[in-house]
Every structure is written in structure tokens, then in C-alpha cells.
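Here the structure is a predicted model, which means the values were calculated and not measured. These values consider heavy atoms only, across backbone and side chains, with no hydrogens, waters or symmetry-generated copies. Proteins come first, then strands; the chains are lettered A, B, ... in the order of their sequence lines, and each starts at number 1.
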Amino acid sequence: MRHMSTDPNLLDDLIARGLMQDTTDLEALAQRLKEGPISVYCGFDPTAQSLHVGNLIGLLTLARFQRAGHRPLPLAGGATGMIGDPSGKSSERNLLDDDALAANLAGIVPILRQFVDFEADENPAKLLDNRAWTISVSILDFLRDVGKHVTVNQMVAKESVKNRMEGADGISFTEFSYMLLQANDFAWLFENEGVEMQIGGSDQWGNISLGVDLVRRRTGGKAHALTWPLLVRKDGTKYGKTAGGETLWLDAAMMSPYRFYQTWMQSEDDELRKLLLWLTFLSIDEVDAVVAEHAEAPHVRLGQKRLAKEITSLVHGVDAASGAIEASEAVFGGAPVEALSAMTFEILADELPTTNVDRSRLDVDDNLVSLLVEGGVAKSKSEAGRLLDQNGISFNDTKISSETVATRADLQHDRFLLIRKGKKSMFLLDFGGPS
RNA sequence: GGGUCGGUGCCCGAGUGGCCAAAGGGAGCGGACUGUAAAUCCGCCGGCAUCGCCUACGUAGGUUCAAAUCCUACCCGGCCCA
């Protein structure tokens with residue numbers, strides 16, 4: 001009852017946004033939140049050097065809790081991440097070594113910082129690594145302190161396990177045990193960090209609720225949990241990748257802010273409301289206003305622009321978002337390429353796939369196909385030829401044919417050649433300045 | 001361990017000596033229409049700057065004028081028996 005500064009509308013807001021899938025006793029949770037700040041944790045497995053859009057809701061929800069006056073604890077699962085999810089058919093993954101794990105953590109932490117505040121005065125976020133309390137636990141201790149409180153019947157009854165047991169591939173003991181590690185995390189945090197709540201995607205519900213049970217059996221305490229629905233497209237597929245199969249990384253080095261921005265720009269009208277509610281901090285009223293305005297004139301793509309700007313700003317910061325917007329306006333805004341400033345091209349060079357090419361390649365007969373391949377426009381000369389036959393390639397704003405030769409006259413600012421493939425794909429060749 | 005069926009292009013899946021770079025579907029790409037949308041229609045979709053040649057149908061050999069298709073060995077997967 002120290003701070004009464006918590007936002008009483010948090011739960012209602014989450015529910016209204018559609019971010020509530022499963023919870024433990026909702027009334028008890030509401031009551032607990034009313035009493036003051038709660039410590040809430042959400043796990044992120046450091047299996048790669050960056051998080052991806054699948055982690056976005058978790059990041060945002062932690063942030064929503066912090067904004068509402070609670071204490072967010074992101075957990076980078078050094079222990080669970082080391083073991084990994086062995087569901088793939090190939091050989092079981094070995095423990096990640098310390099170096100790989102450290103590298104992955106180093107990549108993830110800056111992204112976490114983008115969302116939660118570790119320096120706040122009242123309720124700073126705290127980064128957790130479950131390896132700290134898991135690495136030294138002996139197997140006998142584990143069996144006594146965790147296994148003893150859980151029945152196999154209970155574990156087998158979990159949806160995720162049931163599916164795997166009925167399937168042809170079965171489930172390894174390691175993966176079967178995974179939920180115990182996660183439950184142990186929750187119990188440990190409850191006892192040692194005062195963490196009373198865990199949140200996660202609905203696919204985590206089994207693991208999370210097992211942790212809630214473990215807390216009760218081991219300490220008699222009452223822990224809370226909440227999951228959100230998984231973010232899927234209309235056709236039911238996951239949101240983690242672009243249509244082309246590219247993973248939507250949150251690290252700018254792994255996916256440029258421009259590509260990231262463009263992905264959201266291409267969202268469907270039907271999904272705008274949900275995406276705005278789930279992936280931005282706009283209030284529900286603001287979202288509805290944007291959606292209504294969008295519906296007035298869908299072709300203006302106001303909703304997509306707002307969505308892309310908000311998410312890109314959250315993930316990459318306002319400056320990077322501005323660069324992405326400027327680049328997008330430059331290539332999609334309708335202005336002729338000739339009108340773009342040298343500075344705009346500098347931005348484009350950062351945002352678009354850009355290839356350095358020697359000036360001697362200009363004004364040479366038959367340089368076209370090889371330039372297209374070098375620039376990444378086509379994977380092979382055959383494909384380049386096909387694209388040309390299909391009228392799919394432009395230099396700057398002009399469609400070109402297989403007879404075209406790239407010349408100095410095509411360069412913008414005597415340096416850059418903008419190549420379009422189809423309508424949405426842009427590439428830049430950088431010939432350097434005149435020497 | 002024995003038997004049996006199978007392993008085909010990004011995925012699914014036809015093809016059982018020449019007409020096979022390999023049907024069909026999906027994904028993807030380009031074009032038209034558009035709103036950088038959806039739906040629809042058209043085209044493409046191994047490589048070689050391409051009317052011909054090369055590389056491909058689990059791997060390695062073999063038979064044949066000719067093999068994804070037949071033979072042998074091996075590897076991998078499903079099912080049945082033990």
C-alpha cells in the first residue's frame with residue numbers, strides 16, 4: 001500500500017484490446033492490482049541474437065504494466081534457452097555454449113531497453129536470467145523441490161503434451177521436463193524476487209499455470225497469470241515472417257527499419273484495428289478514430305501509415321522511423337526520382353539493398369543482366385532475362401528492356417541508380433562519386 | 001532382426017525405359033486492374049544472355065542406342081511381424 005499510483009484501468013484496457021486469453025482468477029487478480037504495484041515477469045528465450053515480432057506483444061504488455069505503475073521483469077531464459085525446444089525432428093540441440101548465449105543476450109538486451117525502463121525511480125524494470133538459480137540445482141534437489149509437487153497425470157493432461165503424445169513424433173523427456181523448469185522459475189521468483197505474476201502468449205498457458213500451481217503447493221502463496229492470444233494473420237499463419245519467408249527481426253542489423261516499416265505498410269485493412277490495439281500504445285479511442293478515418297478513404301492508407309510509424313518508432317526509435325518514412329515517401333510517394341535530393345539518396349542507401357559497383361561498368365554494352373544479378377535484383381541471369389521480358393524492371397522511373405545499357409546518364413547525382421523490380425522491390429546501385 | 005511399401009523440383013504430388021526439365025496443386029515472382037489492399041485475369045517459375053547445351057528425380061555403381069523409370073549395393077522414412 002506504499003504507492004497508490006497504479007492505473008486502475010489496466011485490466012479493463014487489456015480486455016478491451018482483446019489481449020486477454022486466459023487468466024487465473026480474474027477477480028482476485030483485479031483485487032491484487034488494486035492494492036498496489038505488482039512484480040510481473042515474462043520470458044524471452046535467447047535462441048537468436050535478436051527478438052522478432054512474435055515477442056512484440058510480450059514486450060508491449062510488460063511496458064503496459066510498467067506504465068500502469070507495476071514492476072516489469074523480462075526474463076532472458078539462459079537456462080531454458082540453453083536446453084532449447086527439442087521439437088524439431090533433427091538431433092536434439094546441445095546446450096548453447098556460454099559465448100553464444102552471451103552474444104544472444106547482448107543482442108536482446110538493447111531491444112528490451114527500448115520497451116521497458118530500467119532506470120525508473122519507482123518501478124524500474126529488472127533483467128532476469130534463470131540460469132542464475134538453475135545452474136547449480138542438483139537433480140536430487142530438483143526432484144524433491146519441484147518434481148515432488150507435480151503429478152505426471154497433471155503434466156500429461158496439458159494440451160501441448162497431449163498433442164505430442166498422440167502425434168507420430170512423440171515427445172522427448174527433455175521437452176516433457178521443460179515445463180518443470182519454467183514452473184520452477186516462477187516459484188523461485190515468487191519466493192526470492194516477490195514476483196507474483198507471469199504473463200505470456202496463450203501457447204505458454206500450460207507452463208505458466210503449472211508454475212502457479214507449484215507456487216501454491218510449495219509456499220501456499222497465490223500467484224497470478226495472464227496470457228494473450230497469439231498474433232496470427234487472417235489465414236491463421238503466424239506473424240513472425242514476411243510473405244517472402246523473411247523473419248521479422250527487431251534488430252536493425254538483421255532487418256532494416258525500412259523493410260520493417262514496409263512490412264507493416266502492407267498490412268490488410270481488416271487487420272488494422274487489431275494490430276493497432278495489440279502493437280501500439282495508442283488508446284482505444286485513438287485507435288478507433290484512426291480506423292474510422294481510414295475507412296473514409298482507404299486508398300490513402302492512413303491506417304497503415306499510422307501503424308507502421310508507431311511500431312517502427314517503438315522498435316527502432318523515432319529517428320530511424322523517420323528515415324524509413326522518408327525513404328518510403330521517396331520511392332512510393334509519387335515524386336519523380338530525378339527530384340530526390342542527394343541527401344534522400346544517402347538515406348535510401350541505408351534503407352534499400354545497396355550494392356557498390358565500379359564506374360567502369362557503365363556505358364559498356366551488355367552490362368545490364370550482370371548488373372541486375374550483382375545488385376541482387378535477380379538471383380540468376382536467367383531470372384534477370386525473364387524479368388526484363390516481363391517488363392518488370394525500371395531504372396529510376398522508366399521501364400527498361402533487355403537492350404538497355406546502363407549509362408552514366410542514368411545516374412542520379414552522378415552516383416546512384418535506383419532499380420525497381422515490380423512495384424514494391426527497390427534496389428540501389430552505388431557507383432561512387434566521380435573520381 | 002524379418003517382411004513390405006516408399007524416398008521426385010521451395011512444399012504437396014503424378015509419372016514405372018524414349019513424346020521428361022519432368023502432369024497437377026500450393027507457395028513465390030512479373031504484368032493488367034488497384035490503394036504499396038483484397039478479389040480476379042494473364043504470364044513466368046533449374047542453369048547457361050536460352051530454339052541448343054549442361055545439371056537434376058535418396059547415394060554409388062551397372063544394364064541399354066536411350067533410365068526418374070530396369071538391376072546391384074548402401075543410406076533414410078512409413079507400416080506389419082519378432
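- Going from the C1' atom of B:rC19 to that of B:rG25 covers 24 Å, rounded to whole Å.
- Atom P of B:rU59 sits at a distance of 23 Å from the matching atom of B:rU64, rounded to the whole Å.
- A:Gln204 and A:Gln182 share a donor-acceptor pair across their side chains, judged by distance under 3.5 Å alone.
- Across all strands shown, B:rU40 forms a Watson-Crick or G-U wobble pair, both distances under 3.5 Å, with B:rA32.
- Remark: B:rA56 base-pairs with no nucleotide; criterion is Watson-Crick or G-U wobble with both hydrogen-bond distances under 3.5 Å.
- For the P atoms, the distance linking B:rG24 with B:rA14 amounts to 15 Å, nearest Å.
- For B:rU50, neither phosphate oxygen OP1 nor OP2 lies less than 4.0 angstrom from any side-chain nitrogen or oxygen of A:Ser382.
- Base contact: A:Asp269 has a heavy atom under 4.0 Å from a base atom.
- Taken from CD in A:Glu329 to OG in A:Ser322, the straight-line distance is 12.0 Å, to the nearest 0.5 Å.
- Residue-level contact check: A:Gly422 touches the backbone only, with heavy atoms under 4.0 Å from sugar-phosphate atoms and none from bases.
- Between the P atom of B:rC33 and the NE2 atom of A:His299 lies a distance of 18 Å, rounded to the nearest Å.
- Rounded to an integer number of Å, the gap from CG of A:Leu388 to P of B:rG30 is 13 Å.
- Applying the 4.0 Å criterion to OP1 and OP2 of B:rA37, one finds that A:Lys424 has a side-chain N or O inside that range.
- What separates NZ of A:Lys421 from C1' of B:rG30 is a distance of 9 Å, to the nearest Å.
- The side-chain tip of A:Arg415 does not point at the ring of A:Phe345 from less than 6.0 angstrom away and within 45° of straight on.
- Atom C1' of B:rC70 sits at a distance of 23 Å from the matching atom of B:rG9, rounded to the whole Å.
- Side-chain N/O atoms of A:Arg361 and A:Ser370 include a donor and acceptor closer than 3.5 Å.
- Nucleic acid contact for A:Lys305: none, since no nucleic acid atom lies under 4.0 Å from a heavy atom of the residue.
- Each of A:Ile393, A:Leu372, A:Val369 was evaluated against A:Leu387; a single residue qualifies, A:Ile393, per the side chain to side chain contact (heavy atoms under 4.5 Å, CB included) test.
- Of the nucleotides present, none pairs with B:rA27 by Watson-Crick or G-U wobble criteria with both distances under 3.5 Å.
- Using N1 to N3 plus N6-O4 or O6-N4 for Watson-Crick, or N1-O2 and O6-N3 for G-U wobble, each under 3.5 Å, B:rG1 pairs with B:rC81.
- Figure legend. B:rC20 is base-paired to no nucleotide; pairs are counted as Watson-Crick or G-U wobble with both atom distances under 3.5 Å.
- Following rounding to the nearest Å, A:Asp270 (CG) and B:rA38 (P) show an atom-to-atom distance of 11 Å.
- Figure legend. B:rA14 is base-paired to no nucleotide; pairs are counted as Watson-Crick or G-U wobble with both atom distances under 3.5 Å.
- If A:Gln266 and A:Gly385 are placed on RNA chain B by their nearest nucleotide, the residue sitting closer to the 5' end is A:Gln266.
- Under 3.5 Å, the side chain of A:Gln390 and the base of B:rG31 form no donor-acceptor pair of N or O atoms.
- Taking only side-chain nitrogens and oxygens, A:Arg386 comes nearer than 4.0 Å to OP1 or OP2 of B:rG47.
- What separates CZ of A:Arg273 from P of B:rA37 is a distance of 24 Å, to the nearest Å.
- At a threshold of 4.0 angstrom between heavy atoms, the contacts of A:Asp389 with the nucleic acid are absent.
- Between the side chains of A:Asp213 and A:Gln154, at least one donor-acceptor pair of N or O atoms lies under 3.5 Å.
- Comparing the same atom, P, in B:rC57 and in B:rG62 gives a spacing of 16 Å after rounding to whole Å.
- Closest contact between the side chain of A:Pro298 and the listed nucleotides B:rG30, B:rU36, B:rG35 involves B:rG35.
- No side-chain donor-acceptor contact under 3.5 Å links A:Asp285 and A:Ser283.
- Of the nucleotides present, none pairs with B:rU64 by Watson-Crick or G-U wobble criteria with both distances under 3.5 Å.
- With P as the reference atom, B:rG47 and B:rC10 are 10 Å apart, rounded to whole Å.
- For the P atoms, the distance from B:rC81 to B:rA27 is 40 Å, rounded to whole Å.
- When each of A:Asp366 and A:Ile393 is assigned the nucleotide of RNA chain B with its nearest heavy atom, A:Ile393 is the one assigned upstream, toward the 5' end.
- One P atom belongs to B:rU4, the other to B:rC51, and the distance between them is 50 Å to the nearest Å.
- Sparse packing is recorded around CD of A:Glu293, with 12 or fewer heavy atoms of other residues, nucleotides or ligands lying under 6.0 Å away.
- Base orientation of B:rC51: syn, since the glycosidic angle falls within 90° of 0.
- The nearest whole Å value for the distance from the CD atom in A:Gln304 to the P atom in B:rA38 is 10 Å.
- Put simply, NZ on A:Lys381 is 19 Å from P on B:rU55, counting in whole angstrom units.
- Atom pair A:Leu387:CG and B:rG28:C1' shows a separation of 12 Å (rounding to whole Å applied).
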